[in-house]
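Scope of the values below: all heavy atoms of this structure, side chains included, with no hydrogens, waters or symmetry mates.
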Amino acid sequence: MTQASVWLTRTLVASGMTLQALATGAVLAQGVVPQPAPASTQPPVAIQVDLAKTVGPYKPIYSWFGYDEGNYTTMRHGTELLKELHDLSPVPVYIRVHHLLTSGDGKAELKFSSTNVYTEDVNGTPVYDFKILDGIFDAYKAAGVRPMVELGFMPKDLAADLPDRHEPYQVHYPKNAISGKSNNPPKDYAKWGELARVVTAHLVERYGKDQVLQWYFEVWNEPDIDYWHTTPEAYWKLYDYAVAGVRAALPGAKVGGPATTSPGNEKARTFLHNFLEHVNSGKSAANGKSIPMDFISFHAKGFPTIADGKVTMGIKRELTDADKGFELIATFPKFKSLPIIISEADPEGCAACSSKVNPANNYRNGTLYPAYTAAAFKGLFELQDRHAVNLISMLSWSFEFEDKDYFEGFRSLATNGVDKPVLNVFRMFALMSGNRVSTTSTGKVPLDTLLSTGVRQASDVDAFATKAEREAAVLVWNYHDVDGPAEAVPTTITIGGIPSGVHRVLLEHYRLDDTHSNSYTIWKAMGSPQKPTTQQYADLQSAGHLQLLTSPDWLDVVNGQVKVTTDMPRQGTSLLHLKW
């Protein structure tokens with residue numbers, strides 16, 4: 001009997017609901033004996049894992065997260081989620097937010113926040129106030145996470161007036177929130193550079209040089225679109241002055257950019273190329289010296305739509321962005337080995353646009369989002385290997401939206417303190433370590449097909465595996481771009497290359513599907529309450545945690561291998577964790 005069944009039984013008794021009233025896919029209550037499921041007509045899939053065949057190192061590219069609304073950091077559920085993000089990973093977790101330099105009263109709203117760190121007096125002399133900024137960074141410290149310091153956006157008193165732009169400083173969502181003066185260039189680049197220096201010096205003083213040297217400083221966000229209201233060349237200048245200011249305060253600080261949008265788009269790719277050429281061969285506008293760059297950042301986004309009445313994901317778009325970005329970077333010998341940070345890697349581009357705004361965003365609450373993320377995760381590693389570049393981050397632009405409806409359809413990791421299913425795929429990633437090892441699958445959709453058409457025919461039933469000292473992990477998923485019910489796929493995972501002398505291994509089989517690691521299913525079974533009772537809320541929080549499919553099991557090793565047979569539901573994800 002699963003935990004999910006027990007929680008649902010309690011809910012049914014309390015509410016008087018019947019099983020017949022539950023939506024398709026809801027879990028069955030305790031004590032009800034279901035009819036045997038008909039045999040699947042899906043062709044079985046065979047997955048082979050060779051622990052003895054190393055593919056490359058396993059880097060924790062999953063341990064990066066971000067969000068627009070920096071002031072959510074210090075709110076109730078924001079601080080709770082930061083601690084959960086720290087706790088899910090054995091390695092440091094990095095957090096990137098917008099609006100660290102934006103003017104305002106420190107109140108969060110959709111797609112806007114502020115710190116008011118910089119103002120000017122009547123004589124134009126800079127005045128610094130770190131109260132709100134310190135609150136954000138103190139929350140990071142308390143949670144044990146590390147900042148990726150995005151230097152943006154322009155303080156009100158430093159923003160230039162532009163002859164072709166007449167918007168106020170802040171434009172409120174759902175209007176074009178990036179059209180305001182907060183995305184103008186500085187009226188004085190020297191003052192901008194000094195702002196970067198003073199902020200960095202303050203961070204060093206407050207948190208210590210050794211700590212801040214472990215952080216990353218990124219200049220601006222998406223300067224190839226309306227986040228930046230002037231020319232690409234003006235951004236080069238913005239970058240030069242910013243990194244010169246950061247390095248003046250902290251020699252050795254990790255600086256980089258340009259955080260452009262999707263390189264699959266020719267305009268964005270041209271911007272990224274020209275920026276890299278500026279750094280490669282240019283001189284700093286700030287001091288005439290060579291231009292520092294310790295990492296390269298860009299964004300990769302999918303494109304979900306509604307087709308034939310169904311949510312249809314666009315994984316090919318996200319992977320194409322990565323493919324084109326890696327390909328471009330590899331043409332610069334000087335930069336090919338630099339760390340690459342995909343500082344937003346997501347199924348689409350607007351976390352704050354709920355499914356009420358765009359029905360295609362319905363993927364965000366259930367199992368489609370994590371299955372997509374699992375498939376994209378492997379695709380990014382394969383593309384890194386193909387182009388021989390150094391990917392260190394696929395930063396998920398997802399956090400939480402304070403004081404919104406439960407499961408309103410934002411791109412988020414949690415809703416009102418309840419973990420959503422997608423957070424559990426990151427917990428699965430964090431249980432993997434060591435080296436990536438070889439996997440083959442008769443159900444794999446090849447990488448080139450993912451890049452050309454996505455997953456539009458047979459589903460992608462594939463695996464990604466790692467091996468460390470006395471343990472291994474195999475991530476398995478059944479992903480399809482098109483949402484909707486489908487039969488489970490009988491899947492056999494053969495794990496070979498287990499070291500000689502090992503006769504038994506302990507299997508922990510974690511599962512993320514409609515009835516495991518899924519608070520959304522439980523919430524719907526409760527009747528989708530917007531004011532859950534105390535007991536309902538506790539049950540939702542428990543349902544949001546990563547769950548085992550079965551009890552841990554000792555498997556006999558035969559000829560250096562073990563076999564695990566399971567039915568992989570559509571949009572389901574498993575993590576097989578072996579110990580010996």
Side-chain angles (χ1 to χ4, degrees), residues 68-75 96-109 112-141 147 149-162 165-172 177-178 180-209 211-212 215 217-221 227-230 234-235 237-250 253 255 285-287:
D68 286 71
E69 301 82 3
N71 296 122
Y72 284 158
T73 305
T74 55
M75 299 181 77
R96 172 185 186 256
V97 297
H98 293 339
H99 295 292
L100 288 177
L101 304 180
T102 305
S103 299
D105 59 7
K107 294 179 180 178
E109 59 181 84
F112 192 85
S113 275
S114 58
T115 65
N116 219 45
V117 70
Y118 178 99
T119 56
E120 293 182 358
D121 65 18
V122 294
N123 298 315
T125 302
V127 177
Y128 292 93
D129 183 348
F130 292 103
K131 180 179 179 180
I132 297 173
L133 190 72
D134 286 349
I136 293 172
F137 282 80
D138 286 355
Y140 294 154
K141 180 180 179 180
V149 184
E150 180 197 299
L151 297 173
F153 296 116
M154 197 57 61
K156 186 175 183 179
D157 289 351
L158 191 52
D161 293 317
L162 297 176
R165 307 294 300 231
H166 305 290
E167 294 87 348
Y169 182 74
Q170 180 186 358
V171 177
H172 298 271
I178 63 174
K181 197 174 177 181
S182 57
N183 294 101
N184 282 12
K187 64 184 180 183
D188 185 323
Y189 282 86
K191 284 186 175 181
W192 164 256
E194 179 65 3
L195 168 61
R197 187 198 67 79
V198 170
V199 168
T200 305
H202 175 80
L203 295 174
V204 170
E205 180 182 11
R206 188 172 183 86
Y207 304 103
K209 176 182 176 182
Q211 286 297 313
V212 182
W215 303 354
F217 289 80
E218 183 184 48
V219 181
W220 215 256
N221 175 70
Y227 273 101
W228 179 244
H229 291 168
T230 186
Y235 173 76
K237 188 174 181 180
L238 183 88
Y239 178 88
D240 293 351
Y241 274 89
V243 298
V246 171
R247 284 287 186 85
L250 182 62
V255 295
N287 54 30

NZ of K187: more than 12 outside heavy atoms within 6.0 angstrom?
-> yes
Step through the shown structure and confirm whether more than 12 heavy atoms of other residues, nucleotides or ligands are within 6.0 Å of CD on E205.
->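 Count not over threshold, so no.
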Derivation and outcome, side-chain contact (heavy atoms from CB on, under 4.5 Å), residues E69 and M75 = CA-CA 11 Å; E69 301 82 3; M75 299 181 77; over 6 Å; no
Walk me through it: do Y169 and M154 pass the test side-chain contact (heavy atoms from CB on, under 4.5 Å)?
-> CA-CA 10 Å; Y169 182 74; M154 197 57 61; 5.5 Å; no
Take H229 and N183, measure what side chain to side chain donor-acceptor pair (under 3.5 Å) needs, and give me the verdict at the end.
-> CA-CA 6 Å; H229 291 168; N183 294 101; 4.7 Å; no
If every non-hydrogen atom of [X] is compared with every non-hydrogen atom of [Y], which pair is closest and at what distance?
X    : Y    : answer
V219 : A242 : CG2-CB, 3.8 Å
Y207 : D134 : OH-O, 3.5 Å
L158 : L195 : CD2-CD2, 4.2 Å
D121 : V127 : N-CG2, 4.1 Å
V246 : L151 : CG2-CD1, 3.8 Å
A139 : T74  : CB-CG2, 4.2 Å

Whether [X] side chain and [Y] backbone form a donor-acceptor pair below 3.5 Å:
X    : Y    : result
N116 : G104 : yes
D240 : A285 : yes
N123 : T125 : no

Test side-chain contact (heavy atoms from CB on, under 4.5 Å) applied to L100 and L133, step by step = CA-CA 7 Å; L100 288 177; L133 190 72; 3.9 Å; yes
Pair F137 and W215, ring centroids less than 6.0 Å apart =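 Yes, they do, as the ring centres are separated by less than 6.0 Å.
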Looking at the rings of F153 and H98, which for Trp means the six-membered one, are their centres under 6.0 Å apart?
-> yes
Side chain to side chain donor-acceptor pair (under 3.5 Å) assessment of N71 paired with H99 = CA-CA 9 Å; N71 296 122; H99 295 292; over 6 Å; no
Verdict with supporting geometry, L101 and Y118, side-chain contact (heavy atoms from CB on, under 4.5 Å) | CA-CA 7 Å; L101 304 180; Y118 178 99; over 6 Å; no
Electrostatic pair E194-K191, nearest N-O below 4.0 angstrom =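 Result for this pair is no, no salt bridge flagged.
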Hey, are K181 and D161 close enough for a salt bridge, meaning a charged N less than 4.0 Å from a carboxylate O?
-> yes
Over 60° means perpendicular and under 30° means parallel, so classify the ring planes of Y128 and F130, tilted if in between.
-> parallel
For the pair Y241 and Y189, name the ring-plane relationship: parallel under 30°, tilted 30 to 60°, perpendicular over 60°.
-> tilted
Non-hydrogen side-chain atoms of W228 and P185 separated by less than 4.5 Å =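 Yes - at least one pair of side-chain heavy atoms lies under 4.5 Å apart.
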